[in-house]
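A note on names: the letters A, B, ... follow the listed sequences, proteins ahead of strands, and every chain is numbered from 1. Keep in mind it's a predicted model, so treat the numbers as computed, not measured.
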Amino acid sequence: MRTLKFLLQKEFRQIFRDPSIIRLIFIMPVMQLMILPWAADYEMKNIKLGVIDHDHSDYSRKLISTITASGYFILNDYAATFNQSFSEIEKDHSDIILEIPASFEKNLVKQSEATLFIAGNAINGVKANLGSLYLRTIINDFNQTVRMDWIQVPRFSPETQVEVRSSNWFNPLMNYKYFMVPGILVILLTMVGSNLTAMNIVKEKEIGTIEQINVTPIKKYHFILGKLIPFWILGLFVLTLGFIIARLVYGISPLGSFVTIYIFAGVYLLAVLGLGLLISTYAATQQQAMLISFFIMMIFILLGGLYTSIDSMPEWAKWITRFNPVSYFIEVMRMVVLKGSSLYDIRKQLLVMGVFAVVLNGWAVVSYRKRS
Amino acid sequence: MTNEKIITADKLSKRFGDFVAVNEISFEVCRGEIFGFLGANGAGKTTAMRMLCGLSLPSSGEATVAGFDVYRENEKIKKSIGYMSQKFSLYEDLTVKENMRFYGGIYGKSDAFIKQKTASVLEQLHLQKEANKLVRSLPLGWKQKLAFSVAIFHEPVIVFLDEPTGGVDPVTRREFWHMIYQAAENGITIFVTTHYMDEAEYCNRVSIMVDGNIEALDTPSALKQIYQSASMDEVFLKLARKATRADG
């Protein structure tokens, strides 16, 4: 116990004296939380539209102005032929082309039916897809308005119409910041937990103090606890700082209880600290540790459900995400923050995280040797 | 110096794959002795020392340090030894006092012991004014002396010094050896590796390792007689020239 006291005292002194760690734990959360949620948005805006209007009629102009008034599209070019417009796409100036045929108004009036042509640039698949979807929705609305103008709707409309009204539960305004902020908090915690721990121990290897420790009668578990406890506390501190920023900047405070989040975060940190410890036992230099944790973090983030939904991944990728602690925490974070889930609702994830913590730390303890 | 054996090694070997770093070395070191462990780079000195300190597991052979077996009781050995490695290994971002407190503390020394010992070490090193300065800010010579003081802070039975005076100026080296003599007078056994042959002359006995074997082991004066040399330098050159192993 006394040995641990000396180890912790030393570790905290070193942390508080290291300006780079202090900068990291203060600036990293602030920067990431202030910038990323504004930039990482799933909504498509500023889609550049090319229009070829062969009709030049009242209705075609009305349609075009409805589209540009929606706010999603910017009218990039107004060409005479499809080829002209297509060359804009080739130069990557346009994302989507809308072609209005010559007889648009005539057909619409006479036959109550007209065709339009939409061509999207699918190099950015998401943009093309969402763009044509938005365009179709706007055209549909336009369609409805035109009908209303013309047809006197009888009391019982002969035409059946199905109208869909949706409401978005737990995030009614579909505010992506609500979705991103809890996820970014998780990534922050993971970085602090695994990177800082790994780098800290490997640094001692590099400067040779670890050998000095290894010739002392310090017990292995003392040394490991002496490393884990400070970074565990640091991790919870970063989480708290993150929640303060989320509250002040985005007005996000968890619907569920902080106790639930902190209990899960406590166990989660044990798991990622164990991972950091494990990296440190295999890396000989800080460079190696950095590269290994960079590689792991990449996979964790891309397969963690922060940017892309896990449900839409192929079966094998879903299977991998089950071994990714980040995916559990992001899920739990969103459940508790947005939905107000309780400890009972996240018991399964908590249990899995407990297993992660035991396995990773156990592995690290076994592979850390005082004697080669 | 008494005849009590503090270190015994019997056919101690370390192999890394096909490479025999240390080949069946046998020797004994008595309490209070200053034992010089000489050899060219790559002769196996550091490997042998690391086995005795419990940092490296021997491949074969027997050895005891302070009466404890290196295989089974290496954690007990660690309580009785001090160690100063080639690399400077104090915490540069801790102060002089904090380093002493830390190393004293992890050897289980009481607060009263640490306080009293810190004061006496600071006085001995004339570092009272620098006590609260970060170790990083001290010149190398002072750091080395401080590292030695910290290695014997917990008053071990034996201290292992691995090239302790590397890169240090001649004046500081002399002061350093003065400290070693003082420690030996206080009953601490000194096991020291070095490249400086003038330092070898300060030792009670020296062993010279060549390619993993101990080629010679005796007092400096006896060795000079055996090899008909005027200085330890010549003795060393005569033996080390036989080496076939590459540097490193």
Side-chain angles (χ1 to χ4, degrees), chain A residues 1-24 196 199-227 229-231 234 281 284-286 365-372, chain B residues 14 16 46-47 49-58 65 68 70-71 73-95 97-111 114 134-136 147 150-151 153-154 156 158-160 162:
Chain A
M1 227 25 236
R2 224 173 101 79
T3 314
L4 193 58
K5 188 190 92 182
F6 283 102
L7 281 166
L8 290 176
Q9 204 172 36
K10 165 210 156 232
E11 216 58 63
F12 275 115
R13 274 193 180 125
Q14 287 183 305
I15 289 171
F16 287 123
R17 273 181 205 156
D18 187 346
S20 66
I21 291 189
I22 300 298
R23 272 199 290 269
L24 204 66
L196 287 189
M199 298 297 275
N200 179 286
I201 299 175
V202 175
K203 190 175 156 199
E204 290 221 23
K205 264 191 198 177
E206 271 186 358
I207 58 176
T209 43
I210 202 146
E211 192 160 277
Q212 200 67 44
I213 297 283
N214 286 344
V215 289
T216 69
I218 284 185
K219 299 257 186 316
K220 203 152 87 167
Y221 71 90
H222 276 149
F223 178 76
I224 288 176
L225 278 179
K227 288 289 179 196
I229 293 171
F231 289 103
L234 225 55
T281 59
T285 64
Q286 292 191 63
V365 169
V366 170
S367 60
Y368 170 69
R369 296 210 178 284
K370 284 181 80 178
R371 177 147 78 167
S372 58
Chain B
K14 178 80 184 187
F16 298 103
T46 301
T47 310
M49 185 182 258
R50 286 171 57 88
M51 282 193 281
L52 295 174
C53 293
L55 284 173
S56 174
L57 196 68
V65 175
F68 300 114
V70 288
Y71 291 96
E73 298 168 306
N74 70 317
E75 290 302 314
K76 280 187 187 156
I77 290 176
K78 285 173 182 173
K79 282 199 178 114
S80 339
I81 62 166
Y83 174 73
M84 181 178 165
S85 71
Q86 271 170 351
K87 279 189 186 172
F88 176 74
S89 49
L90 294 180
Y91 289 97
E92 302 234 336
D93 46 0
L94 294 183
T95 67
K97 246 185 176 171
E98 286 164 355
N99 265 295
M100 290 183 190
R101 187 177 152 71
F102 173 66
Y103 281 112
I106 59 178
Y107 278 102
K109 297 295 176 191
S110 69
D111 285 333
I114 293 171
L134 294 186
V135 167
R136 186 187 291 143
V150 171
F153 192 88
H154 59 288
I158 174 164
V159 63
F160 291 90
D162 196 1

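A donor-acceptor contact under 3.5 angstrom links the side chains of B:Asp162 and B:Thr46, judged on distance only. Looking at A:Thr209 and B:Ser89, their side chains never bring a donor and an acceptor atom within 3.5 Å of each other.
Residues that satisfy the ring pair (Phe, Tyr, Trp, His ring centres under 6.0 Å) test with B:Tyr91, not counting sequence neighbours, are B:Phe102.
The greatest number of non-hydrogen atom pairs below 4.5 Å with chain B, out of A:Ile213, A:Asn214, A:Thr3, is found for A:Asn214. When each of B:Ile77, B:Leu94, B:Leu134, B:Asn99 is checked for heavy-atom pairs under 4.5 Å with chain A, B:Leu94 comes out on top.
A centroid separation of 6.0 Å or more is found between the aromatic rings of B:Phe153 and B:Tyr107.
Of the atoms belonging to B:Leu90, it is backbone heavy atoms, and not side-chain ones, that fall under 4.5 Å from chain A. Contacts of B:Lys78 with chain A are made by both backbone and side-chain atoms, with heavy-atom separations under 4.5 Å. B:Phe160 does not touch chain A: none of its heavy atoms, backbone or side chain, sits under 4.5 Å away. With a threshold of 4.5 angstrom between heavy atoms, A:Lys5 approaches chain B through side-chain atoms but not through N, CA, C or O.
Residue pairs that meet the salt bridge (Lys or Arg N to Asp or Glu O under 4.0 Å) test with at least one member in residues 97-111 of chain B, sequence neighbours left out, are A:Arg2-B:Asp111, A:Arg13-B:Glu98, A:Arg17-B:Glu98, B:Arg101-B:Asp111.
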